[in-house]
Amino acid sequence: MRKEPPRGEELAVAAPHCYCGRLAWLQTSWTESNSLRRFFVCPKSEVGGKTIVVFFVWIDIEMPPHERALVAWLLRTMREVEDQIRCARAREKKLWIALFISWAFVFIVWFDNVM
Ligand SMILES: [Zn+2]
């Protein structure tokens, strides 16, 4: 039996217009209280570094508290793992440099003894 390929997320809601006439942008919330909840917002919400929200509409319904807590925990864990990976990569880079320097030193000493 053939498996159907996975489909992308379909957005059944057409983007509304803001009161200023601009087409609203689809965004995803990454806050702990509304993780992964999508909303429409006016693209002109940020004026001179200040956030002035004139138009804002949630698309997704609010998650039940236990799901919200689970998603928040998953996101926190993901950020922790990303931090650990970043630290490990920085440490790996330092170790490669130390290895290169030590081999260069070994080569210089060996070359000095041969000559
Ligand atoms: Zn607007």
Side-chain angles (χ1 to χ4, degrees):
M1 202 169 119
R2 228 178 77 191
K3 260 178 102 179
E4 207 171 293
R7 273 192 247 167
E9 188 181 334
E10 289 169 23
L11 185 66
V13 187
H17 281 88
C18 174
Y19 307 112
C20 68
R22 290 179 178 87
L23 203 62
W25 281 352
L26 177 65
Q27 302 282 296
T28 302
S29 169
W30 292 95
T31 61
E32 286 211 1
S33 52
N34 285 297
S35 298
L36 307 178
R37 194 173 173 199
R38 296 169 307 163
F39 59 94
F40 279 118
V41 68
C42 175
K44 199 71 183 170
S45 292
E46 217 165 273
V47 182
K50 280 186 177 177
T51 306
I52 303 159
V53 179
V54 180
F55 183 80
F56 181 93
V57 181
W58 288 115
I59 299 175
D60 299 320
I61 56 164
E62 201 174 350
M63 277 189 216
H66 65 281
E67 285 180 25
R68 222 170 32 216
L70 176 67
V71 171
W73 176 80
L74 286 170
L75 288 174
R76 260 198 316 274
T77 306
M78 187 185 78
R79 286 179 193 128
E80 283 171 19
V81 170
E82 283 173 347
D83 282 347
Q84 288 170 1
I85 289 170
R86 213 171 296 124
C87 287
R89 284 197 178 134
R91 189 165 177 264
E92 185 188 3
K93 194 176 173 184
K94 284 177 192 167
L95 288 171
W96 274 112
I97 291 168
L99 184 69
F100 178 78
I101 290 170
S102 67
W103 274 104
F105 181 74
V106 166
F107 181 75
I108 289 167
V109 168
W110 173 80
F111 193 75
D112 216 32
N113 289 336
V114 170
M115 289 289 149

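In listed order, ligands and their atoms are each counted from 1. Source: prediction; values computed, not measured. Numbering starts at 1 and runs along the sequence shown.
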* Asked: How about Phe39 and Phe56: are their ring centroids closer than 6.0 Å?
  -> yes

* Does the ring center of Phe40 lie less than 6.0 Å from the ring center of Phe55? ->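 Judged by ring-centre distance (under 6.0 Å), Phe40 and Phe55 do not meet the cut-off.
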
* Asked: Is it true that Arg38 and Asp60 have a side-chain N and a carboxylate O under 4.0 angstrom from each other?
  -> yes

* **Arg68 and Glu62 ion-paired at < 4.0 Å** =>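 Answer for the salt bridge query: yes.
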
* Report the protein N/O/S neighbours of the Zn ion (ligand 1) that fall below 2.8 Å; do not count waters. =>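 Less than 2.8 Å away from the Zn ion (ligand 1) sit Cys18 SG, Cys20 SG, Cys42 SG.
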
Please tabulate, for the side chains in residues 81-88, all donor-acceptor contacts under 3.5 angstrom to protein atoms that are two or more places apart in sequence or on a different chain.
residue, atom, partner, partner atom, Å
Asp83, OD1, Arg86, NH1, 2.8

* Asked: Among the clusters formed by ILVMFWY side chains lying less than 4.5 Å apart, do Val106 and Leu99 turn up in the same one?
  -> yes

